[in-house]
Amino acid sequence: MKEIIDQIIEIDALAYDNKTKNEQILSNKKQEYESMISAYREEKISAAKVKAKETSEQTDAYIMEIEKSQKEQIKKISAEIDDIYLKAEKNLTKKIFNKLFVLEG
């Protein structure tokens with residue numbers, strides 16, 4: 001009877017050891033997978049930040065290019081308007097002087 005009890009105690013101790021080892025293995029695997037997930041997450045976040053920065057820089061460059069083009073167009077139109085104004089002013093001045101000299105003569 002004592003031998004049976006000793007065997008039961010030995011089997012129970014082995015089962016407890018196995019349970020403890022299995023729990024430790026599971027805990028280690030859990031930690032390993034959590035670390036892998038965290039590393040993967042950080043990698044993807046970092047890649048997304050780089051991509052967002054690149055996209056932002058490209059957008060800023062595109063906007064600056066459009067602004068430059070629009071400013072050039074505005075300068076061109078402004079120069080054309082100035083030219084037309086000067087021609088109109090010149091013609092009007094010429095007409096006024098012609099009428100003045102015609103009235104005096």
Side-chain angles (χ1 to χ4, degrees):
M1 183 73 159
K2 182 170 178 0
E3 290 177 18
I4 295 174
I5 293 175
D6 287 342
Q7 285 181 343
I8 291 172
I9 292 172
E10 186 179 331
I11 290 170
D12 188 48
L14 286 173
Y16 179 77
D17 287 345
N18 282 340
K19 178 185 173 201
T20 304
K21 286 178 186 176
N22 287 339
E23 286 174 349
Q24 185 62 41
I25 289 170
L26 285 174
S27 177
N28 290 344
K29 280 293 181 188
K30 178 184 174 188
Q31 186 64 37
E32 179 184 342
Y33 288 140
E34 285 176 351
S35 295
M36 288 171 59
I37 289 170
S38 179
Y40 178 78
R41 184 174 150 256
E42 291 300 319
E43 176 186 335
K44 292 302 176 184
I45 288 173
S46 178
K49 284 180 182 178
V50 168
K51 186 69 175 173
K53 184 178 178 184
E54 288 173 358
T55 302
S56 174
E57 289 172 354
Q58 289 173 352
T59 303
D60 289 346
Y62 179 72
I63 289 170
M64 288 176 66
E65 183 179 320
I66 289 174
E67 285 179 352
K68 182 180 176 184
S69 173
Q70 288 177 345
K71 284 179 182 179
E72 289 174 4
Q73 287 177 345
I74 290 170
K75 283 181 183 178
K76 183 180 176 185
I77 291 169
S78 180
E80 290 174 359
I81 290 172
D82 284 345
D83 187 46
I84 292 169
Y85 175 79
L86 289 174
K87 286 179 183 176
E89 183 181 38
K90 193 175 186 179
N91 285 335
L92 183 60
T93 305
K94 187 177 180 181
K95 285 180 182 178
I96 290 172
F97 278 119
N98 284 341
K99 284 188 178 189
L100 283 174
F101 289 126
V102 169
L103 290 176
E104 285 183 10

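Please read all numbers here as calculations on a predicted model, not as lab measurements.
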Exercise for review: Would you check, one step at a time, whether the test side-chain contact (heavy atoms from CB on, under 4.5 Å) holds for Glu80 with Lys76?
Suggested key: CA-CA 6 Å; Glu80 290 174 359; Lys76 183 180 176 185; 3.5 Å; yes
Exercise for review: Determine, step by step, whether Lys21 and Asp17 satisfy the salt bridge (Lys or Arg N to Asp or Glu O under 4.0 Å) criterion, reporting the C-alpha distance in whole Å, the side-chain angles of both residues, the deciding distance to 0.1 Å, and the verdict.
Suggested key: CA-CA 6 Å; Lys21 286 178 186 176; Asp17 287 345; over 6 Å; no
**Study point:** Steps toward side-chain contact (heavy atoms from CB on, under 4.5 Å) verdict (Lys99, Lys95)
**Key:** CA-CA 6 Å; Lys99 284 188 178 189; Lys95 285 180 182 178; 5.6 Å; no
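Ile45 and Ile37 sit in two unconnected hydrophobic clusters of ILVMFWY residues. Membership requires side-chain heavy atoms under 4.5 Å apart, directly or through other members.
A search for side-chain contact (heavy atoms from CB on, under 4.5 Å) contacts involving Gln7 returns nothing, not counting sequence neighbours. When the side-chain contact (heavy atoms from CB on, under 4.5 Å) test is applied to Ser56, the partners found at least two apart in sequence or on another chain are Asp60. Residues satisfying the side-chain contact (heavy atoms from CB on, under 4.5 Å) test with Tyr62, not counting sequence neighbours, are Ile66. Contacts of Met64 classified as side-chain contact (heavy atoms from CB on, under 4.5 Å), with partners at least two apart in sequence or in another chain: none.
The closest side-chain heavy-atom distance from Thr93 to Phe97 is below 4.5 Å. Taking 4.5 Å as the limit, some side-chain heavy atom of Glu23 sits within range of a side-chain heavy atom of Lys19.
The side-chain contact (heavy atoms from CB on, under 4.5 Å) test with Ile8 is passed by exactly one of Ile11, Asp6, Ile4: Ile4.
Although no hydrogens or angles enter the test, the distance criterion places a donor-acceptor pair under 3.5 Å between the side chain of Asn22 and the main chain of Asn18. The backbone N or O of Glu34 lies less than 3.5 Å from no partner atom in the side chain of Ser38, so there is not a single donor-acceptor pair.
To the nearest 0.5 Å, atoms NZ (Lys68) and CD (Glu72) are separated by 5.5 Å. To the nearest 0.5 Å, atom OG of residue Ser69 and atom CD1 of residue Ile74 are 9.5 Å apart. Once rounded to the nearest 0.5 Å, the distance linking CD1 of Ile25 with OG1 of Thr20 reads 11.0 Å.
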Table please: side-chain donor-acceptor pairs of residues 26-33 below 3.5 Å, with sequence neighbours left out.
from	atom 1	to	atom 2	distance (Å)
Asn28	OD1	Gln24	NE2	3.0
Asn28	ND2	Gln24	O	3.4

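Atom CD of Glu10 has 12 or fewer heavy atoms from other residues, nucleotides or ligands within 6.0 Å.
Listed by first then second residue, pairs satisfying salt bridge (charged side-chain N to carboxylate O under 4.0 Å, His left out) with a partner in residues 36-53 number zero, not counting sequence neighbours.
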